[in-house]
Amino acid sequence: QVQLEESGGGLVQPGESLRLSCAASGNTYRINSMAWYRQAPGKQRELVAFISTADDTTNYADSVKGRFTISRDNDKNTVYLQKNSLKPEDTAIYYCAATRNVLTAPAMEDDRNYGYWGQGTQVTVSS
């Protein structure tokens with residue numbers, strides 16, 4: 001089993017930055033794909049950013065391209081989501097997801113392809 005724990009959420013003002021962390025523990029051997037999803041009130045969960053742990057390929061939702069950056073630290077078994085120029089519409093619960101499968105587009109966008117999920121961390125962007 002793999003456990004994922006998110007941290008770094010909070011309340012920020014529009015235009016500010018925030019970095020989320022997702023620490024993986026347990027049997028993390030051959031976790032090949034990790035992602036950040038978010039779910040806003042009344043909306044479906046959507047993919048925000050994806051990273052392949054095999055070759056560091058990344059993919060982003062159009063709404064966050066140029067503002068968010070996903071990265072990883074293998075030594076710490078941690079994936080990060082750096083979020084800059086935050087907007088009120090970025091307000092959501094952010095979830096970390098992982099799978100041993102090697103995912104490519106469009107499979108990476110389907111949350112059913114991820115077997116491991118964190119509990120989520122709330123991000124609120126408001127003045």
Side-chain angles (χ1 to χ4, degrees):
Q1 284 292 326
V2 175
Q3 293 78 43
L4 302 175
E5 183 173 2
E6 304 97 337
S7 62
L11 172 63
V12 296
Q13 294 188 347
E16 293 185 340
S17 299
L18 206 60
R19 188 178 80 159
L20 304 183
S21 300
C22 172
S25 60
N27 186 10
T28 60
Y29 180 64
R30 296 187 69 177
I31 289 293
N32 287 303
S33 303
M34 296 191 73
W36 285 97
Y37 276 76
R38 68 185 179 188
Q39 187 166 23
K43 295 187 177 181
Q44 287 190 328
R45 188 161 56 185
E46 63 172 353
L47 176 70
V48 175
F50 168 91
I51 188 166
S52 165
T53 62
D55 60 10
D56 281 332
T57 299
T58 59
N59 192 286
Y60 298 91
D62 288 341
S63 59
V64 306
K65 282 181 181 176
R67 299 189 298 122
F68 290 11
T69 302
I70 188 171
S71 62
R72 66 189 180 94
D73 184 332
N74 275 350
D75 292 338
K76 297 181 179 179
N77 284 328
T78 300
V79 172
Y80 303 98
L81 184 67
Q82 178 66 42
K83 306 161 58 177
N84 298 328
S85 302
L86 282 162
K87 304 176 181 180
E89 51 263 44
D90 295 318
T91 295
I93 300 175
Y94 284 73
Y95 297 91
C96 179
T99 177
R100 302 190 196 281
N101 296 329
V102 176
L103 298 180
T104 58
M108 66 176 69
E109 300 175 13
D110 188 341
D111 61 4
R112 294 172 297 180
N113 289 323
Y114 297 86
Y116 304 107
W117 290 86
Q119 294 299 307
T121 185
Q122 175 71 48
V123 173
T124 303
V125 185
S126 175
S127 55

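The structure presented is a predicted model; accordingly, all values stated were derived computationally and were not measured.
The heavy-atom pair separating Thr78 from Ser21 by the smallest distance is CG2-CB, 4.2 Å. Closest of all the heavy-atom pairs between Tyr95 and Gly118 is CD2-O, 3.7 Å. Closest non-hydrogen pair, Ile93 versus Gly120, comes out as CG2-CA, 3.9 Å. The two atoms that bring Cys22 and Trp36 nearest to each other are CB-CZ2, 3.6 Å, heavy atoms only. The two residues Gly10 and Leu18 make their nearest non-hydrogen contact at N-CD2, 4.1 Å. When every heavy atom of Arg38 is checked against every heavy atom of Asp90, the shortest pair comes out as NH1-OD1, 2.9 Å.
Residue pairs meeting the side chain to side chain donor-acceptor pair (under 3.5 Å) criterion with at least one member in residues 1-15: none, sequence neighbours excluded. Sequence neighbours left out, the pairs with a member in residues 108-127 that pass side chain to side chain donor-acceptor pair (under 3.5 Å) are Arg45-Asp111, Asp110-Arg112, Gln122-Thr124. Pairs engaging residues 97-127 under the disulfide bond (SG atoms under 2.5 Å apart) rule: none recorded [sequence neighbours left out].
Using a 4.5 Å cut-off between side-chain heavy atoms of Ile, Leu, Val, Met, Phe, Trp and Tyr, with links allowed through other members, Tyr94 and Val79 fall into the same hydrophobic cluster. Leu4 and Tyr80 fall into different hydrophobic clusters, where Ile, Leu, Val, Met, Phe, Trp and Tyr residues are linked whenever their side-chain heavy atoms come under 4.5 Å apart, directly or through other members. Clustering ILVMFWY residues whenever any of their side-chain heavy atoms sit less than 4.5 angstrom apart, transitively, puts Phe50 in a cluster other than the one holding Val102. Taking hydrophobic clusters as Ile, Leu, Val, Met, Phe, Trp and Tyr residues chained together by side-chain heavy-atom distances below 4.5 Å, Leu103 does not share a cluster with Val48. Val2 and Met108 are not part of a single hydrophobic cluster, where members link through side-chain heavy atoms under 4.5 Å apart.
For the pair Arg72/Asp56, a side-chain contact is recorded, criterion being any heavy-atom separation below 4.5 Å from C-beta on. The shortest distance between side-chain heavy atoms of Phe68 and Leu86 falls below 4.5 Å. Using a 4.5 Å heavy-atom threshold, the side chains of Ile70 and Met34 count as separate. Within the 4.5 Å cutoff, side-chain heavy atoms of Leu81 are placed close to those of Lys83.
Ion pair Asp62/Lys65 flagged as a salt bridge, since at least one NZ, NE, NH1 or NH2 atom sits closer than 4.0 Å to an Asp/Glu carboxylate oxygen.
In this structure, Asn77 CG and Ser25 OG are separated by 8.5 Å, a value rounded to the nearest 0.5 Å.
Here the side chain of Ser85 pairs no donor or acceptor atom with the backbone of Arg67 at under 3.5 angstrom. Put simply, the side chain of Asn32 gets close to the backbone of Arg100: a donor and an acceptor are under 3.5 Å apart. In this structure, the side chain of Thr69 does not engage the main chain of Gln82 through any donor-acceptor pair within 3.5 Å. Although no hydrogens or angles enter the test, the distance criterion places a donor-acceptor pair under 3.5 Å between the side chain of Thr91 and the main chain of Pro88.
At most 12 heavy atoms of other shown residues, nucleotides or ligands fall within 6.0 angstrom of atom CD in Gln44.
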